[in-house]
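Step one of this worksheet: look at the structure below.
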Amino acid sequence: MNLIDKYIAEVGKHLPRRQRADIEAEIRSTLEDMLEERKQGQTQDDEALIVELLKEYGSPREIAATYKTHQYLIGPRLFPTFETVLRIVLAVVAGASLIGLGFSLTKTGWTGPEFASAMGQWFGGLIGGLIAAFGNIALIFAIIERTQAANQFEKEVKEWDPKALNSEPDPDRIDLPDHIATLIFTVLGLVIFNLYPNVFSIRFVSDGMWVTIPILTATFLHYLPWINIMGLLQIVFNGFMVRQQEWKPVTRILGILMDVAGMILAVIILRTPGIIGVTPESLTALGITQAADELSRILSSIPTLVITVIVIVTAIKVIKSFIRLFAVKSRSPYLIVK
Amino acid sequence: MENDELVQNVLLELRRGTLSIAVLSQLSKEEYGYSLLKALSDKGLEVDQSTLYPLLRRLESQGLLQSDWRIVDEARPRRYYVISTQGKEILNKLKREWSAMVDTMQKMLS
């Protein structure tokens with residue numbers, strides 16, 4: 001087997017099986033033609049000429065690659081759809097993973113080795129989940145790319161009707177019911193916290209008398225001025241947005257700041273010890289010994305659960321706002337007050 | 001990116017676009033790969049084997065060329081390519097388009 005045979009065999013390894021023999025024969029024929037021409041009037045030995053010729057012709061892998069029609073996994077036709085699907089699925093995987101983390105943190109708390117271990121496990125799981133999701137989606141799109149499904153895609157592209165844009169939601173339009181609901185609940189919350197804080201209490205009949213244990217203590221109510229400031233800001237902001245009807249970069253940034261500030265305040269309050277009035281002692285003092293521990297344990301785990309939910313919900317909201325903020329290409333650089 | 005590299009990239013795109021027309025135009029009589037390479041080179045168009053051979057296959061799979069293996073003059077077996085009837089029709093259309101394109105570009109560049 002001479003060097004040309006070895007070269008052709010090496011190219012053949014990377015060629016599609018169906019065309020291999022034919023392409024190999026053609027490369028051989030060309031190489032021999034070229035060699036014959038170069039031999040004329042040359043004093044160099046055959047081996048040196050062949051080495052020079054093959055070097056010029058190209059590496060076997062490179063030559064084989066030029067015969068392949070599919071040089072990509074997912075082509076330009078399907079790539080935008082692939083990107084969209086990938087974004088959605090990765091966001092869902094990350095969201096589900098965060099919710100899972102929230103549940104495990106209600107068991108471990110926010111400090112200590114159990115917390116560290118839960119965080120480690122969560123992070124490993126998240127990375128693994130994201131990689132698996134990416135791999136599966138890439139595989140599905142690679143299959144679509146190589147099958148008839150791609151023709152269906154082309155058909156849809158050809159039959160595309162600009163009128164269909166009318167049914168597309170405008171990403172800059174505000175979600176009106178969401179803002180109105182926030183307004184109503186913020187007003188309600190402020191009224192209750194300021195005027196009727198005892199609404200949050202446990203009531204029961206003991207020895208023929210109604211007994212009330214307030215759930216929120218004076219420690220909690222100590223934060224009331226801050227809650228009021230946040231609440232009023234929310235009312236002003238949501239009222240403004242309901243009037244504006246449309247997101248602008250400035251209002252998106254304001255919204256993000258309000259969400260983050262609200263989250264920080266909530267976390268500070270909920271991490272303060274003694275904000276909940278139902279303790280084993282307060283229950284025992286009232287003669288409730290049965291299930292006192294169990295009841296107070298359930299109530300004391302509520303802040304951690306609420307913190308987790310608040311952090312997750314705020315994170316999702318803030319990420320969505322950031323995506324909208326940077327994804328919108330043509331936007332007005334100023335705020336029009338209507 | 002250096003200016004030279006930018007120029008090379010644009011030239012590469014230009015050559016890639018015109019190569020199919022050049023190849024079809026040279027195959028009114030039978031040629032094998034290497035002889036076609038030299039015919040193109042003699043007329044001033046230098047093409048790599050790694051570009052020409054896959055292009056010949058593609059044009060053949062599109063029905064614009066026909067080919068068969070033959071031994072001529074007791075030489076080694078070679079694959080001879082020639083333009084097909086469909087290829088001739090396409091080449092005529094492409095020639096007209098090319099002339100129009102050259103006119104347009106000349107108007108723009110003059």
Side-chain angles (χ1 to χ4, degrees), chain A residues 2-5 7-42 46 49-72 75-76 146 151 154, chain B residues 8-9 12-13 15-20 22-24 26-27 29-43 45-84:
Chain A
N2 67 23
L3 212 51
I4 290 184
D5 294 330
Y7 178 81
I8 289 167
E10 195 58 35
V11 176
K13 277 185 198 169
H14 307 290
L15 288 173
R17 196 175 291 273
R18 218 151 31 102
Q19 302 168 302
R20 189 177 294 166
D22 199 46
I23 295 172
E24 282 180 353
E26 193 165 48
I27 294 174
R28 178 185 297 282
S29 154
T30 308
L31 286 172
E32 285 173 355
D33 276 336
M34 290 171 84
L35 186 64
E36 195 176 277
E37 194 184 67
R38 286 174 188 213
K39 270 184 189 171
Q40 289 165 6
Q42 277 283 340
D46 277 10
L49 273 178
I50 291 172
V51 169
E52 197 182 278
L53 174 68
L54 295 181
K55 181 118 182 103
E56 197 183 301
Y57 205 85
S59 80
R61 205 179 272 269
E62 183 190 359
I63 294 301
T66 60
Y67 286 91
K68 287 180 187 164
T69 47
H70 269 101
Q71 299 252 40
Y72 43 73
R146 282 153 186 76
N151 294 341
E154 273 178 355
Chain B
Q8 285 307 318
N9 284 348
L12 195 73
E13 293 289 321
R15 281 161 60 90
R16 197 174 286 157
T18 53
L19 197 55
S20 299
V23 166
L24 288 174
Q26 297 306 299
L27 287 174
K29 68 175 180 60
E30 282 189 331
E31 298 275 7
Y32 57 93
Y34 193 55
S35 67
L36 176 63
L37 206 69
K38 288 206 291 188
L40 291 169
S41 168
D42 289 345
K43 292 191 171 158
L45 186 62
E46 297 290 343
V47 191
D48 263 0
Q49 304 92 333
S50 58
T51 308
L52 181 66
Y53 288 98
L55 174 66
L56 288 170
R57 283 181 173 271
R58 196 165 69 245
L59 293 174
E60 191 188 12
S61 71
Q62 289 167 341
L64 308 185
L65 296 180
Q66 289 166 338
S67 78
D68 63 329
W69 283 95
R70 239 178 299 142
I71 301 173
V72 178
D73 299 336
E74 293 183 14
R76 64 187 62 84
R78 288 172 179 139
R79 187 178 197 152
Y80 285 83
Y81 293 90
V82 71
I83 194 163
S84 66

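Note that the structure is a prediction, hence the values are computed from the model and not measured. Within every chain, numbering begins at 1; the chains are lettered A, B, ... in the order of the sequence lines, protein sequences first and strands thereafter. Hydrogens, waters and symmetry mates play no part in the numbers below; they use all other heavy atoms, side chains included.
In this structure, A:R61 places its CZ atom where only 12 or fewer heavy-atom neighbours from other residues, nucleotides or ligands lie under 6.0 Å away.
With a threshold of 4.5 angstrom between heavy atoms, A:A25 approaches chain B through its backbone and through its side chain. For A:I27, no part lies near chain B; criterion is any non-hydrogen pair under 4.5 Å. Heavy-atom distances place both the backbone and the side chain of B:R78 under 4.5 Å from chain A.
Closest approach of A:T66 to B:P54, counting heavy atoms only: O-CB, 3.2 Å.
Residues that satisfy the ring-ring contact (aromatic ring centres under 6.0 Å, His included) test with B:Y53, not counting sequence neighbours, are absent from this structure.
Two residues are said to be in side-chain contact when any heavy atoms from C-beta on lie closer than 4.5 Å; A:E26 and B:R57 meet this criterion. Here the side chains of A:I63 and B:Q49 are not in contact, with every heavy-atom distance at 4.5 Å or above.
Ranked by non-hydrogen atom pairs under 4.5 Å with chain B, the options A:Q19, A:E62, A:E37 are led by A:E37.
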Checking B:R76 against A:R28 for the side-chain contact (heavy atoms from CB on, under 4.5 Å) test, could you report, in this order, the C-alpha distance in whole Å, the side-chain angles of both residues, the deciding distance, and whether it holds?
CA-CA 10 Å; B:R76 64 187 62 84; A:R28 178 185 297 282; over 6 Å; no
